[in-house]
Amino acid sequence: MNSVNSCNQPRMYPVLVTILLILLTGITMLGRLFSKSWDSKGKHCYVTGGSSGLGLAVAKLLVLKGAHVSIVSRDTQRLENAMKELEAIRTSPSQIIKSYSYDLVTATGASQALDAVCEPHQGRNPDAIFMLAGSCHPRFFIEETEETMRTQMDQTYWVQAWTALEASKRMVRDKTKGKIVFHSAYIGYITLIGYAAYGPGRMALRALADTLRQEFLLYDIDIHIAFPGTMYTPGYDIENATKPKITLKIEETDPGVTGDQYAKGLLRGVQNGDFHISPDLLGNIFRASMRGVAPSGNFFVDSLWNFIGWVGLPIWRISVDSTVRGHRKEHEEYLANKGFYSSKTKASATS
Ligand SMILES: *[C@@H]1O[C@H](CO)[C@@H](O)[C@H](O)[C@H]1NC(C)=O
């Protein structure tokens, strides 16, 4: 028996595996450097919630990059102030920067807003939709009412879902190869005491975005969804006003960022083509541990399931994606036969 070999090999394996992992990580990161990133210059970007907070921060970055920017929100005074900020940083006189006041929690509102923003662009749809409107009102569950529960769902899920629906129909009809960007939150991965009304909406957005990422392979429309943590924006003060003390205490470990700081990471993710965008440490940890905070079963058995899923799910996803791509021609004929491309009714609320 060769004692030298049998001693050396077990020690060599971890080293080799580590070197291999570092090499693979390096190669995938280098690949990103050379892949072509999305450029918003000259594109029409539609930003909901664009009058303050994260929405305004993203609108400003887009204006600085030379995009045509349309912002929508309810508050006309805020829109006016935001327009002054955006006008001050325009990069060219031909840049079209406009603001609109609409309530986006109904399909009709979402549809009317989209019709309005298309007008200065010869009726053409926006190239990119950034859905950054919404608000958070944490409370103990037993303090919620039917009204607060419904409002919170409006302000998380519907305020984005309706715009996504209306924009998708227009983009598919006009064959716009665009982008639709949702925003969820850490709570869309890992929910907490106090978020009984807010968490389900954030998770529902994740389900919608996950579905559309696959379905929209049919149309070359890219889906993105961002997962910010605590952000110090005007919305934070509203959130803080009803936040239970215990929730505040648990969240102490999240240092939080400003809207401007997060906007940079969000836009970088969109430019890089990232699907789930979590440009910070906690976001990445939560994303990679998506079973969330549900207690797990037997540790060893679950580790086995985990391993099988880790290896098997990406393979399954790639095969399903490829099946969807293979369905494009048939789907196009299906839409044509149903009269989708010639239909004049735009709003799903009126069709
Ligand atoms: C949030 O509200 C708590 C009181 O519930 C207060 O102590 C804290 O300073 C507030 N935080 C911010 C950032 O306004």
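Treat the numbers as computed from the prediction; the structure is a model and nothing was measured. Just follow the structure's listing: the first ligand is 1, and inside any ligand the first atom is 1. If you read the sequence from its start, that first residue is 1, and numbering goes on from there.
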- [ ] Dump the intermediate steps for salt bridge (Lys or Arg N to Asp or Glu O under 4.0 Å) on D39 and K36, then the final yes or no.
- [x] CA-CA 9 Å; D39 186 3; K36 203 172 168 291; over 6 Å; no

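Ion pair E166/R170 flagged as a salt bridge, since at least one NZ, NE, NH1 or NH2 atom sits closer than 4.0 Å to an Asp/Glu carboxylate oxygen. No salt bridge links R287 with D280; every basic N to acidic carboxylate O contact stays at or beyond 4.0 Å. A salt bridge is defined here as a Lys NZ or Arg NE, NH1 or NH2 lying under 4.0 Å from an Asp or Glu carboxylate O, and D321 with R317 meets this definition.
Contact residues for ligand 1 (protein heavy atom closer than 4.0 angstrom to any ligand atom): Y236, N240, L248.
Taking the six-membered ring for Trp and the full ring otherwise, the centers of F286 and F227 sit at least 6.0 Å from each other. With ring centers used as reference points, Y219 lies under 6.0 Å from F216.
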